[in-house]
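To start, the structure itself, in structure tokens.
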Amino acid sequence: MEESLNFLEEIIEADLAAGKHKSILTRFPPEPNGYLHIGHAKSICLNFGLAKKYGGKTNLRFDDTNPVKEDTEYVDSIKEDIQWLGFQWANEFYASDYFEQLYDWACLLIKKSLAYVDDQTQEEIRLTRGTVTNPGKDSPFRNRSVEENLDLFARMRAGEFKDGDKVLRAKIDMAHTNMLMRDPILYRILHAHHHRTGDKWCIYPMYDYAHGQSDSIEKITHSICTLEFDVHRPLYDWFIEKLEIFPSHQYEFARLNLTYTVMSKRKLLELVKNNYVSAWDDPRMPTICGLRRRGYTPESIRLFAEKVGVAKRDNVIDLSLLEWCVREDLNKRARRYLAVLNPLKVVITNYPEGQTEELEAVNNPEDESAGKRKIPFSREIYIEHDDFMENPPKKYFRLSPGSEVRLKYAYIIKCEEVIKDALGNVTELRCTYDPETRSGGGSTKQVKGTIHWVSAAHAVPAAVRLFDRLFTEAYMDDIPEGKDYKDYLNSLSLQLSKAYLEPELANVQAGTNVQFERMGYFVPDKDSKPEKPVFNRTVTLKDTWAKMAAKQ
RNA sequence: UGACCUAUGGUGUAAUGGUAGCACUACUGAUUUUGGUUCAGUCAGUCUAGGUUCGAAUCCUGGUAGGUCAACCA
């Protein structure tokens, strides 16, 4: 059975078969102006994955041609995230490494009468560019002599002019149907400090003038980018042709869109800047570092990238696929523990006071080699508040007055009495247990429900936040207008301040992924059918654990 | 009233002129010390109208729908 190829793999295989390249070289070219998100992860997995599959290499190149937006902080985070995802670049380059070469090539274009210095204002340039349906008009400066252009361009570099006074433009065709070909700007004057070149330059190349040539300099064979750069390809090719340099080729694929998820760098930056979230790595963020804090593994993200596929049509991936990918990975690897997030006290009235026994629990039901552990059981325990309902709907399997339920790894208990406070809130349950039903004791008694619990005397209080789907749902398609967005986000965040954890969890190392036994909650069904549980959203503890340890 | 890109179940993605397949979701059943997991199954698709062909998701033409392009951003 032959594995089917995506369109990029087909292109590469054809190129390799035709002897066009001996091996392939791809690149991942982020602009260091923000943190990487799940959309970049797709691109990273593609570029590195393709190179790996065909025995090639991948460069990391920072597209740092706009100093006013870029920062070293972003460079560092990008490198960290790529490595965390499990990829290693062959070379670390910067577009700014090529500024001198790019300048020389610009002079070459001038000499070939293919570029000129334009004195028009930004406004004039915009107006004379025409529209998508109307051709543009030639600049009055379009036919300056080579000598004058060379002189002016050198003086631009020397800093003789203010920002915006002049630009260098390619001389192509002001009536071209592709707006990008209407004498695109190559260089603009920007008296700004660059995070790498400092104050050496006051003219900076534009994306179109820098990207293809950078690819060419590095001899990138397959320059893979997203669909919106499709219209840039003729320009990309134009520079390579006129400069007669290594013919890199650009290929476009559809970028990733995820339901309920904000993916624009601009909006994510807004969330951080306005303190709607704590930082770029806030677990509610769709950034790679945010996903990492939420407990996503590199493996799960790589699996996701593989599952979403690569094509040229616009797509919106269902968030449930991403969630499926973590569960798929973690179900097999992460140990499971008991933790009660929203506790309700239960006193087992017929269990001897002061008695404690150790019960055996399985560390991972899908992996026997993970072994077993002991958990303490005693007269007073906490159960999940949601696991008790005073007036249960028809198909409720858990505790309600008079009903029986199994405590995972322990006994079957029966709810005998409900205790309420003055406001009528349920504050405690009185239950009895059946000593014959100890787990593994051979009892044949069956009950419909099994719930998790922790011994009140032994439990560890958790002063941490839990990261799970509730956070995920905070990503809406658009950021709501107004200032209550922060409250909105917080209302969707699950506070774990009340939670109690099984004592063994205190020994778990920081940075370990763990899963809690059924992290479920009830949501009313849209068609107002009886409410329906949503289950096992693979709750994981990661960096947060270190914070909790520090507090104690 | 432009150019370019795209169109396959609810969502993605295969099939490259020869049986429309796979995954996620939803639903059903089996197993189950959590309703999770696992296993089995069900629902559901070629935008439209012509044309070429023995045969079209695939090639051609015309429509339609969506996307991209008019930063001195990338």
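Below, chain A is the first sequence line, B the second, and so on; all start at residue 1. Predicted model, so just to flag it, every value in this text is computed and none were measured.
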Problem - Residue pair A/Arg169 / A/Ile125, side-chain heavy-atom distance below 4.5 Å - result: yes
Exercise for the section: Remember a base hit wins even if backbone is also touched, and classify A/Gly136 as base, sugar-phosphate or nothing at under 4.0 Å, heavy atoms. Expected result: nothing
Practice task
Find which nucleotide of RNA chain B each of A/Glu228 and A/Val310 is nearest to by heavy atoms, and output the residue with the more 5' nucleotide.
Solution key: A/Val310
Practice task
For A/Glu10, answer base if it contacts any base atom (sugar-phosphate contacts may also be present), sugar-phosphate if it contacts only those atoms, and nothing otherwise; contact means non-hydrogen atoms under 4.0 Å.
Solution key: base
Exercise for the section: Looking at every strand, decide which applies to A/Tyr187 at a 4.0 Å heavy-atom threshold: base, sugar-phosphate, or nothing. Expected result: nothing
Problem - All salt bridge (charged side-chain N to carboxylate O under 4.0 Å, His left out) counterparts of A/Asp163, not counting sequence neighbours - result: none
Problem - Pair A/Glu218 + A/Arg27, salt bridge at N-O below 4.0 Å - result: no
Practice task
Identify, with sequence neighbours excluded, every residue that meets ring pair (Phe, Tyr, Trp, His ring centres under 6.0 Å) alongside A/His232.
Solution key: A/Tyr207, A/Phe229
Handout entry: Aromatic ring proximity, centroids under 6.0 angstrom, A/Phe377 and A/Tyr411
Key = yes
Handout entry: Touch class at under 4.0 angstrom, heavy-atom based, for A/Val132 against every strand present
Key = base
Report, one pair per line, the protein and nucleotides 5-11 of chain B atoms (nitrogen or oxygen only) whose separation is under 3.5 Å.
| residue | atom | partner | partner atom | Å |
| --- | --- | --- | --- | --- |
| B/U11 | O3' | A/Val316 | O | 2.9 |
| B/U11 | O2' | A/Val316 | O | 2.7 |

Practice task
Salt-bridge test for A/Asp97 and A/Arg61: reply yes if a basic N is under 4.0 Å from a carboxylate O, no otherwise.
Solution key: no
Exercise for the section: Using a heavy-atom cut-off of under 4.0 Å over every strand shown, decide if A/Arg126 touches base, sugar-phosphate, or nothing. Expected result: sugar-phosphate
Problem - Protein-to-nucleotide contact annotation, 5' to 3' order, nucleotides 39-46 of chain B [B base; S sugar-phosphate only; - none; under 4.0 Å, heavy atom] - result: --------
Problem - Check: B/U33 base within 3.5 Å donor-acceptor of A/Ser439 side chain - result: yes
Exercise for the section: Classify the nucleic acid contact of A/Lys69 as base, sugar-phosphate or nothing, counting any heavy atom under 4.0 Å across all strands shown. Expected result: base
Practice task
Using atom types as modelled and distance alone, determine if a side-chain donor or acceptor of A/Tyr103 lies under 3.5 Å from a backbone N or O of A/Ile203.
Solution key: no
Practice task
Apply side-chain contact (heavy atoms from CB on, under 4.5 Å) to A/Ala305 and list each qualifying residue two or more places apart in sequence or on a separate chain.
Solution key: A/Cys45
Practice task
Send over the distance from A/Lys408 NZ to B/U37 C1', rounded to a whole Å.
Solution key: 10 Å
Practice task
Give one of base, sugar-phosphate or nothing for A/Gly449, where a contact means two heavy atoms less than 4.0 Å apart.
Solution key: nothing
Completion exercise
A/Ile11 CD1 to B/U16 P, in whole Å, measures 17 Å
Exercise for the section: For A/Arg406, answer base if it contacts any base atom (sugar-phosphate contacts may also be present), sugar-phosphate if it contacts only those atoms, and nothing otherwise; contact means non-hydrogen atoms under 4.0 Å. Expected result: base
Exercise for the section: Would you mind reading off the distance between A/Asn331 atom CG and B/U38 atom P, rounded to a whole angstrom? Expected result: 6 Å
Exercise for the section: Let me know the distance between CZ of A/Arg188 and C1' of B/A71, rounded to the nearest Å. Expected result: 9 Å
Practice task
With pairs defined as Watson-Crick or G-U wobble and both distances under 3.5 angstrom, please note down RNA chain B as a dot-bracket string, | for pairing with another strand.
Solution key: .((((((..((((....[..)))).(((((.......)))))....(((((..]....))))))))))).....
Exercise for the section: Respond yes when some side-chain nitrogen or oxygen of A/Thr65 is under 4.0 Å from OP1 or OP2 of B/A74, and no when none is. Expected result: yes
Exercise for the section: May I ask you to check whether A/Tyr116 and A/Phe141 place their ring centers less than 6.0 Å from one another? Expected result: no
Fill in the blank from the handout: Contacts of A/Ile217 meeting side-chain contact (heavy atoms from CB on, under 4.5 Å) (sequence neighbours excluded), chain-then-number -> A/Tyr98, A/Gln101, A/Trp105
Practice task
Would you sort out whether A/Glu123 and A/Thr121 count as a side-chain hydrogen bond (donor to acceptor under 3.5 Å, both in side chains), showing the intermediate values?
Solution key: CA-CA 5 Å; A/Glu123 181 71 1; A/Thr121 63; over 6 Å; no
Practice task
Report which part of the nucleic acid A/Thr121 touches: base, sugar-phosphate, or nothing (heavy-atom distance under 4.0 Å, all strands).
Solution key: base
Practice task
Could you measure between the two P atoms, the one in B/U11 and the one in B/U48, and give it in whole Å?
Solution key: 15 Å
Exercise for the section: Using a 4.0 Å heavy-atom cut-off across all strands, classify A/Gln120 as base, sugar-phosphate, or nothing. Expected result: base
Handout entry: Ion pair A/Lys445/A/Glu436, N-O distance below 4.0 Å
Key = no
Fill in the blank from the handout: By nearest-heavy-atom nucleotide on RNA chain B, the more 5' of A/Ala311 and A/Lys166 is A/Ala311
Practice task
Rounded to the nearest angstrom, tell me the gap between atom CG in A/Leu180 and atom P in B/A70.
Solution key: 7 Å
Problem - Residue-level proximity of residues 31-45 of chain A to RNA chain B when a heavy atom falls under 4.0 Å - result: A/Glu31
Handout entry: Set of residues satisfying side-chain hydrogen bond (donor to acceptor under 3.5 Å, both in side chains) with respect to A/Glu358, sequence neighbours excluded
Key = none
Completion exercise
Here the salt bridge (Lys or Arg N to Asp or Glu O under 4.0 Å) pairs for residues 179-190 of chain A, sequence neighbours left out, are A/Arg142-A/Asp183
Problem - Spacing of A/Met181 atom CE relative to B/C69 atom P, expressed in whole Å - result: 17 Å
Practice task
Not counting sequence neighbours, which residues clear ring pair (Phe, Tyr, Trp, His ring centres under 6.0 Å) with A/Tyr74? List them please.
Solution key: A/Tyr35
Completion exercise
When rounded to whole Å, the CD to C1' distance for the pair A/Gln122 and B/C72 reads 5 Å
Exercise for the section: Would you mind reading off the distance between A/Glu328 atom CD and B/U25 atom P, rounded to a whole angstrom? Expected result: 10 Å
Practice task
Report the residues that fulfil ring pair (Phe, Tyr, Trp, His ring centres under 6.0 Å) with A/Phe161, sequence neighbours left out, ordered by chain and then residue number.
Solution key: none
